[in-house]
**Q** 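Here you go, one structure.
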Amino acid sequence: ASSAGDAHGEHASSSTLEIEDSPVVLRVFTADTFGNVCTHSHACSLAVRACGPGVCAATVNDCGDGSHAVRLRARVSGKYRVSVQVQGKHVNGSPFTVAYHLHPTAR
């Protein structure tokens with residue numbers, strides 16, 4: 001059981017995050033089925049995938065405290081479907097939509 005946390009600059013609208021610029025950083029907290037925090041990457045492997053009108057790079061950094069920083073960077077405005085999975089299973093709220101509204105200079 002895991003959950004996605006804060007996204008910088010977002011305005012939640014149902015299951016869509018409205019982003020004014022790129023990149024966005026999400027914090028994902030991981031725990032095992034008993035609620036114990038996963039502090040070892042191999043115990044709670046995290047996978048992120050973003051699909052949309054353009055390339056959306058997704059990088060994951062293990063913070064070593066049971067959380068992961070997920071950075072999404074789109075180059076093209078539009079809606080991206082983001083999937084966050086731990087050990088092959090979707091976290092709460094995944095997949096979800098991120099709608100990027102990029103400024104021309106941000107590309």
**Q** Using every non-hydrogen atom in the two residues, find where Y100 and V24 come nearest and quote the distance to one decimal.
**A**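 That would be OH-CG1, 3.1 Å.
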**Q** Shortest non-hydrogen contact from A74 to L102?
**A**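 Looking at all heavy atoms of both residues, the shortest contact is O-CD1, 3.5 Å.
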**Q** Could you tell me which residues satisfy side chain to side chain contact (heavy atoms under 4.5 Å, CB included) with C51, sequence neighbours excluded, listed by chain and number?
**A**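 Counting only residues at least two positions away or on another chain, C51 forms a side chain to side chain contact (heavy atoms under 4.5 Å, CB included) with R49.
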**Q** Tell me, do R73 and R75 make a side-chain contact under 4.5 Å, heavy atoms counted?
**A**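 Result yes, sub-4.5 Å side-chain heavy-atom pair found.
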**Q** Indicate the atoms forming the closest heavy-atom contact of V25 with A69, along with that distance.
**A**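 Taking V25 first and A69 second, the nearest heavy atoms are CG1-CB, 4.4 Å.
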**Q** Taking only residues two or more places apart in sequence or in another chain, which ones pass side chain to side chain contact (heavy atoms under 4.5 Å, CB included) with V60?
**A**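 V60 satisfies side chain to side chain contact (heavy atoms under 4.5 Å, CB included) with L46, V48, H68, V70 once adjacent residues are dropped.
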**Q** Of all the heavy-atom pairs spanning G78 and P53, show the shortest one and how long it is.
**A**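 Between these two residues, the closest heavy atoms are CA-CG, 3.9 Å.
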**Q** Identify, with sequence neighbours excluded, every residue that meets side-chain hydrogen bond (donor to acceptor under 3.5 Å, both in side chains) alongside S67.
**A**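 Partners of S67 under the side-chain hydrogen bond (donor to acceptor under 3.5 Å, both in side chains) test: R27, D65.
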**Q** Using a 4.5 Å cut-off on heavy atoms from C-beta on, say whether the side chain of V37 contacts that of F29.
**A**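 SC-SC contact between F29 and V37 ruled out.
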**Q** My understanding is that only residues two or more places apart in sequence, or in another chain, count here; which of them pass side-chain hydrogen bond (donor to acceptor under 3.5 Å, both in side chains) with N36?
**A**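 By the side-chain hydrogen bond (donor to acceptor under 3.5 Å, both in side chains) rule, N36 matches D32.
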**Q** Do the non-hydrogen side-chain atoms of Y80 and L72 ever get within less than 4.5 Å of each other?
**A**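 No; the side chains remain at least 4.5 Å from each other.
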